[in-house]
Peer 1: 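Got a structure for you, questions after.
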Number of protein chains: 2
Amino acid sequence: MGTTQLETVPEPKYWHLRTVLSEALESEFAVGEILPNERDLAARFGVARATLRQALEQLELEGRLQRRRGVGTTVAPPRVGVSVGDEEPRWPGALDEAWQSVDSTLGTPPTAVARLLGTADGEQVYRIRRSRVSHGQPVAAELLCVPVGSLPDLAVPDSSLTAAAQARAVLRALGTRALDGQDRSVELGSAGADDSKELDRLPGAPVLVVTTRFFAEGRTAAVSVATYRADTCRLTFGDSGRVQIHHQN
Amino acid sequence: MGTTQLETVPEPKYWHLRTVLSEALESEFAVGEILPNERDLAARFGVARATLRQALEQLELEGRLQRRRGVGTTVAPPRVGVSVGDEEPRWPGALDEAWQSVDSTLGTPPTAVARLLGTADGEQVYRIRRSRVSHGQPVAAELLCVPVGSLPDLAVPDSSLTAAAQARAVLRALGTRALDGQDRSVELGSAGADDSKELDRLPGAPVLVVTTRFFAEGRTAAVSVATYRADTCRLTFGDSGRVQIHHQN
DNA sequence: AAGTGGTCTAGACCACATT
DNA sequence: ATGTGGTCTAGACCACTTC
């Protein structure tokens with residue numbers, strides 16, 4: 001077994017290590033079990049710790065491992081399927097959703113969001129921050145921006161209201177309007193300082209960014225940017241959330 | 001400007017560097033422009049090359065940079081929006097799609113796919129590999145598996161047919177059947193040895209894995225696993241493909 | 001206090017593309 | 001031949017959790 005290494009096209013050590021560890025995870029470890037620490041593992045495989053870490057990072061990116069500073073490295077459970085969007089469009093804040101409002105302010109949107117909304121520079125929007133929890137773990141953080149002009153019937157928020165109450169008021173006002181359609185995109189991103197705290201991860205952690213535009217009366221009435229933990233989540237469309245999907249090689 | 005560093009909660013160097021570089025990219029560089037090489041940049045910022053590389057990796061993950069061995073680091077264009085799935089389900093291989101069949105074999109599916117198909121161990125499937133090109137660049141590689149039993153009318157392939165012709169025959173046969181529905185999920189993965197070659201990336205490159213199940217006559221008639229380059233692609237649902245979305249901070 | 005993963009360093013060599 | 005990014009090393013120290 002020690003003599004298998006003469007390959008015609010020698011792959012990088014960390015990649016080979018990843019494969020070896022991957023197989024070991026399937027055959028010799030149970031979900032939740034803790035692995036030996038990095039220094040021991042590196043010594044066992046005869047590589048520098050940095051090289052071992054490169055392999056672990058790959059496996060963590062694939063959702064196979066979970067690493068926590070001060071604690072250790074554990075075998076991750078299969079990713080949870082989180083349903084994001086069905087066939088028919090719906091306003092955010094519909095009752096059956098798993099979102100919880102954590103804050104609501106009045107201010108200017110991030111420039112990327114302003115571009116999607118088509119708002120003028122410095123135009124005010126309601127900024128609602130929500131978080132989504134699944135199986136007791138935070139899985140997503142969202143920033144929902146609604147131009148003040150989209151909700152003419154809503155009184156400018158009273159400072160006597162709690163942030164959560166303000167958020168509810170905005171969502172309720174949105175729900176009364178006719179929704180013409182919506183739009184969605186998914187891309188890879190990395191958690192900023194704020195999101196990473198909400199998601200209980202380090203800054204820079206990989207996230208799946210789901211951007212949704214809501215259309216009403218010929219314009220973009222709201223934009224939601226939701227960041228999902230890429231390590232623990234599998235986004236599902238339709239009703240595939242019920243099914244187990246496992247990692248590929 | 002050199003004295004701004006006394007922070008109450010000092011963030012990691014590589015993260016701070018990422019921010020600095022990110023701002024420089026927006027203000028001082030044009031798309032396609034090449035950055036100074038890593039050794040120079042590291043010296044300029046007074047950090048080790050490994051630390052600088054950590055910052056560059058972040059920016060590459062976010063689709064802001066593109067690095068090519070032997071060439072250099074360039075400013076990446078905005079991610080291209082690739083449409084994946086509309087409202088109504090449709091068999092793969094419909095005419096308007098941008099997929100190109102590259103191979104077709106008869107064999108057993110990967111275990112993860114077998115689980116989704118509900119096939120018995122060792123049951124044979126048509127395995128079709130396709131690739132998708134957008135703007136002259138490969139953006140996705142797909143493995144489409146169809147159990148032989150799903151297409152009773154199709155003769156077992158003749159070895160005289162080319163792989164592309166076999167693939168067409170399978171897709172055509174699929175298209176004649178009634179499609180009851182479909183199912184989709186998106187998750188983060190890393191490119192395997194085979195996919196990474198098709199996508200023109202190094203093994204381990206981040207990819208968005210889109211898994212689609214096709215239902216017909218009460219069973220899963222086909223499963224598609226498509227891996228999209230996460231660095232260059234933004235997956236769109238509905239008709240958001242027309243719009244520019246830029247990175248967040 | 002001890003043990004874990006996270007950050008950082010300063011160097012070396014390799015694979016690849018270009019000249 | 002040169003220059004680029006990619007891999008790897010051996011060590012140090014830090015931040016965090018747990019005991």
Peer 1: Between protein and nucleotides 12-19 of chain C, map the contacts as a letter string: B base, S sugar-phosphate only, - none, heavy atoms under 4.0 Å, written 5' to 3'.
Peer 2: BB-BBS--
Peer 1: In whole Å, I'd like the distance from the CG atom of B:Leu52 to the P atom of C:dA10.
Peer 2: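 Interatomic distance, CG of B:Leu52 to P of C:dA10: 14 Å.
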Peer 1: With heavy atoms under 4.0 Å as the rule, sort A:Arg53 into base, sugar-phosphate or nothing.
Peer 2: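 Answer is base: heavy atoms of A:Arg53 come under 4.0 Å of a base.
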Peer 1: Has B:Arg67 got a side-chain N or O lying under 4.0 Å from the OP1 or OP2 atom of D:dG6?
Peer 2: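 Result: yes.
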Peer 1: Calculate the interatomic distance between A:Leu56 atom CG and C:dG6 atom C1'; express it in whole Å.
Peer 2: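 That distance rounds to 13 Å.
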Peer 1: Starting from P on C:dT9, measure out to CZ on B:Phe45 and report it in whole angstrom.
Peer 2: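 Whole-Å distance recorded here is 13 Å.
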Peer 1: Can you tell me if A:Thr73 touches the phosphate of C:dG5, counting only side-chain N or O atoms and a distance under 4.0 Å to OP1 or OP2?
Peer 2: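 True: A:Thr73 side-chain N/O within range (under 4.0 Å) of C:dG5 OP1/OP2.
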Peer 1: Between A:Asn37 and C:dG3, does any side-chain N or O lie under 4.0 Å from OP1 or OP2?
Peer 2: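 So the side-chain polar atoms of A:Asn37 never come under 4.0 Å of the phosphate oxygens OP1 or OP2 of C:dG3.
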Peer 1: So, OP1 or OP2 of D:dT9: does either fall under 4.0 Å of a side-chain N or O from A:Thr51?
Peer 2: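 Yes, because at least one side-chain N or O of A:Thr51 sits under 4.0 Å from OP1 or OP2 of D:dT9.
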Peer 1: Atom OH of B:Tyr14 to atom C1' of D:dC14: distance rounded to whole Å?
Peer 2: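 Value for this atom pair: 14 Å.
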Peer 1: Identify, between B:Ala50 and B:Leu35, the residue whose nearest nucleotide on DNA chain D lies closer to the 5' end.
Peer 2: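 It is B:Leu35, whose closest nucleotide lies nearer the 5' terminus.
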Peer 1: Once side-chain hydrogen bond (donor to acceptor under 3.5 Å, both in side chains) is applied, do any residues pair with A:Ser104, and if so which ones, sequence neighbours excluded?
Peer 2: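 A:Ser104: no side-chain hydrogen bond (donor to acceptor under 3.5 Å, both in side chains) contacts found.
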Peer 1: Whole Å only: how far is the CD atom of B:Glu38 from the P atom of D:dT7?
Peer 2: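 My rounded result for the distance is 11 Å.
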Peer 1: List in chain and number order the residues that pass salt bridge (Lys or Arg N to Asp or Glu O under 4.0 Å) with B:Arg127, two or more places apart in sequence or in another chain; answer none if no residue qualifies.
Peer 2: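 Salt bridge (Lys or Arg N to Asp or Glu O under 4.0 Å) list for B:Arg127, sorted by chain: empty.
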Peer 1: Atom CZ of B:Arg201 and atom P of D:dG5: how far apart are they, to the nearest Å?
Peer 2: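 These atoms are roughly 14 Å apart.
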Peer 1: Does a sphere of radius 6.0 Å around CD in A:Gln100 hold more than 12 heavy atoms from other residues, nucleotides or ligands, not counting ones at 6.0 Å or beyond?
Peer 2: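 No - once you tally the heavy atoms of other residues, nucleotides and ligands closer than 6.0 Å, there are 12 at most.
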Peer 1: Please tell me which of the listed nucleotides, C:dT9, D:dT7, D:dT9, lies nearest to the side chain of A:Gln54?
Peer 2: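 Taking heavy atoms from C-beta onward, the closest nucleotide is D:dT7.
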Peer 1: Among B:Arg229, B:Arg68, B:Arg201, B:Arg18, which residue meets the salt bridge (Lys or Arg N to Asp or Glu O under 4.0 Å) test with B:Glu60?
Peer 2: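 Exactly one pass, corresponding to B:Arg201.
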Peer 1: Name all residues meeting the side-chain hydrogen bond (donor to acceptor under 3.5 Å, both in side chains) criterion together with B:Glu142; count only those two or more places apart in sequence or in a different chain, and write none if there are none.
Peer 2: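 Applying side-chain hydrogen bond (donor to acceptor under 3.5 Å, both in side chains) to B:Glu142 gives B:Arg130, B:Ser224.
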Peer 1: Taking only side-chain nitrogens and oxygens of A:Lys13, does any of them come within less than 4.0 Å of OP1 or OP2 of D:dG6?
Peer 2: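 For A:Lys13, the contact criterion (side-chain N or O under 4.0 Å from OP1 or OP2 of D:dG6) is not met.
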Peer 1: D:dT4 P sits how many Å from B:Ile34 CD1, rounded?
Peer 2: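 After rounding, the reported distance stands at 9 Å.
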Peer 1: Taking salt bridge (Lys or Arg N to Asp or Glu O under 4.0 Å) as the cut-off, I'd like each qualifying pair that reaches into residues 98-110 of chain A, sequence neighbours left out, listed once.
Peer 2: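 Residue pairs passing salt bridge (Lys or Arg N to Asp or Glu O under 4.0 Å), neighbours aside: none found.
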Peer 1: Side-chain atoms of residues 34-41 of chain A: list all donor-acceptor pairs with protein atoms under 3.5 Å, sequence neighbours left out, distances to 0.1 Å.
Peer 2:
{"residue": "A:Asn37", "atom": "OD1", "partner": "A:Arg39", "partner atom": "N", "Å": "2.9"}
{"residue": "A:Asn37", "atom": "OD1", "partner": "A:Asp40", "partner atom": "N", "Å": "2.9"}
{"residue": "A:Glu38", "atom": "OE1", "partner": "A:Arg49", "partner atom": "NE", "Å": "3.0"}
{"residue": "A:Glu38", "atom": "OE1", "partner": "A:Arg49", "partner atom": "NH2", "Å": "3.0"}
{"residue": "A:Glu38", "atom": "OE1", "partner": "A:Arg53", "partner atom": "NH1", "Å": "3.2"}
{"residue": "A:Glu38", "atom": "OE2", "partner": "A:Arg53", "partner atom": "NH1", "Å": "3.0"}
{"residue": "A:Glu38", "atom": "OE2", "partner": "A:Arg67", "partner atom": "NH1", "Å": "3.2"}

Peer 1: A:Leu202 has an atom CG; how far is it from atom C1' of D:dA15, in whole Å?
Peer 2: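 Spelled out: CG on A:Leu202 to C1' on D:dA15 is 10 Å.
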